[in-house]
Q: 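This is the structure, below, for whatever I ask next.
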Amino acid sequence: MGDDASQITILLCAHCDDYLDDPRPLPCGHSFCGPPKNCIAKLEHQGQLACALCQSRHNLNPFRISHLFGIREVLREIVAFGVPAAPECVQHGNQPITHFCVDCNVELCRQCHRDRHSEHKMWTYRKYVESNAEHL
């Protein structure tokens, strides 16, 4: 798991597909943006938080989850000083890859996902990279 794609995706929030901002961890180990984006709160469904990556459910109040001490500051520095660019879409060169179409076995940007693959079985690009890390 040492290639650029896997290193980049570990820094991304699976909810907003942007770099983690004030990350908040779930007990399953996955992290999502805290304030001001509050992606962690957007995972709430029927009184539980459902992880967007592994679908595990947690009985937690999203506003009471502490940030990752030290990690938050390091992530801000990494983003401020630049991180390796995410892979770009072949069709839309300036758009980052955000999804993987399981049906077509192809990496997609948001526009490709919306325009041609919206009815297909889809993974986030992060989930795809994490599940295939040893093969990438």
Q: Hey, what do you get for CZ (R110) to CD (Q95), rounding to the nearest 0.5 Å?
A: 9.0 Å
Q: If you take all heavy atoms of C109 and T98, which pair is closest and at what distance?
A: C-OG1, 3.7 Å
Q: Which heavy atom of P62 sits nearest to which heavy atom of A41, and what is that distance?
A: CB-CA, 3.7 Å
Q: Hey, does the side chain of D103 reach the backbone of K121 with a donor-acceptor pair shorter than 3.5 angstrom?
A: yes
Q: Of all heavy-atom pairs between G47 and N59, which one has the smallest distance, and what is that distance?
A: O-OD1, 4.4 Å
Q: Using the side-chain contact (heavy atoms from CB on, under 4.5 Å) rule, take L26 and S31 through it: C-alpha gap first, then chi angles, then the decisive distance, then the call.
A: CA-CA 6 Å; L26 291 176; S31 296; over 6 Å; no
Q: Shortest non-hydrogen contact from L49 to I40?
A: CD2-O, 3.6 Å
Q: Measuring from Q55:CD to C28:SG, what's the distance to the nearest 0.5 Å?
A: 9.5 Å
Q: Rounded at 0.5 Å granularity, tell me how far NE2 in H113 sits from SG in C101.
A: 8.0 Å
Q: Taking the side chain as every heavy atom from C-beta outward, state whether H99 and E107 have any pair of such atoms under 4.5 Å apart.
A: no
Q: Within a strict 4.5 Å, meaning less than it, do heavy atoms of the H30 and C54 side chains meet?
A: yes
Q: Please report the interatomic distance CG(L108) to NE2(H120), rounded to the nearest 0.5 Å.
A: 9.5 Å
Q: Do I97 and V106 sit in the same hydrophobic cluster, where Ile, Leu, Val, Met, Phe, Trp and Tyr count as joined when their side-chain heavy atoms come under 4.5 Å apart?
A: no
Q: Does the plane of the ring in Y128 sit parallel, tilted or perpendicular to the ring in F100? Use 30° and 60° as the thresholds.
A: parallel
Q: A side-chain contact here means heavy atoms from C-beta on lying under 4.5 Å apart; do Y19 and C33 qualify?
A: no
Q: Tell me the closest heavy-atom pair linking D22 and P35, and the distance in Å.
A: CB-O, 3.5 Å
Q: I'd like to know if the side chain of H58 pairs up with that of S56 as donor and acceptor (distance under 3.5 Å, no hydrogens or angles considered).
A: yes
Q: Heavy-atom distance under 4.5 Å between the side chains of C104 and H117, does that happen here?
A: yes
Q: Consider only side-chain heavy atoms of I, L, V, M, F, W and Y, link residues closer than 4.5 Å, and tell whether V74 and L12 are in one cluster.
A: yes
Q: Going only through I, L, V, M, F, W and Y residues with side-chain contacts under 4.5 Å, is there a path from I65 to F32?
A: yes
Q: Please test C89 against Q111 for side-chain contact (heavy atoms from CB on, under 4.5 Å), starting from the C-alpha separation and ending with a verdict.
A: CA-CA 9 Å; C89 176; Q111 186 174 345; over 6 Å; no
Q: With distance as the sole test, does E73 use its side chain to make a donor-acceptor pair with the main-chain N or O of G70 at under 3.5 Å?
A: yes
Q: Decide whether L60 and L43 are clustered together by the hydrophobic rule: side chain heavy atoms of Ile, Leu, Val, Met, Phe, Trp, Tyr closer than 4.5 Å, transitively.
A: yes
Q: Looking at C16, is its backbone amide N or carbonyl O close enough to the side chain of K37 to form a donor-acceptor pair, meaning the two atoms are under 3.5 Å apart?
A: no
Q: Atom NZ of K42 and atom SG of C13: how far apart are they, to the nearest 0.5 Å?
A: 8.5 Å
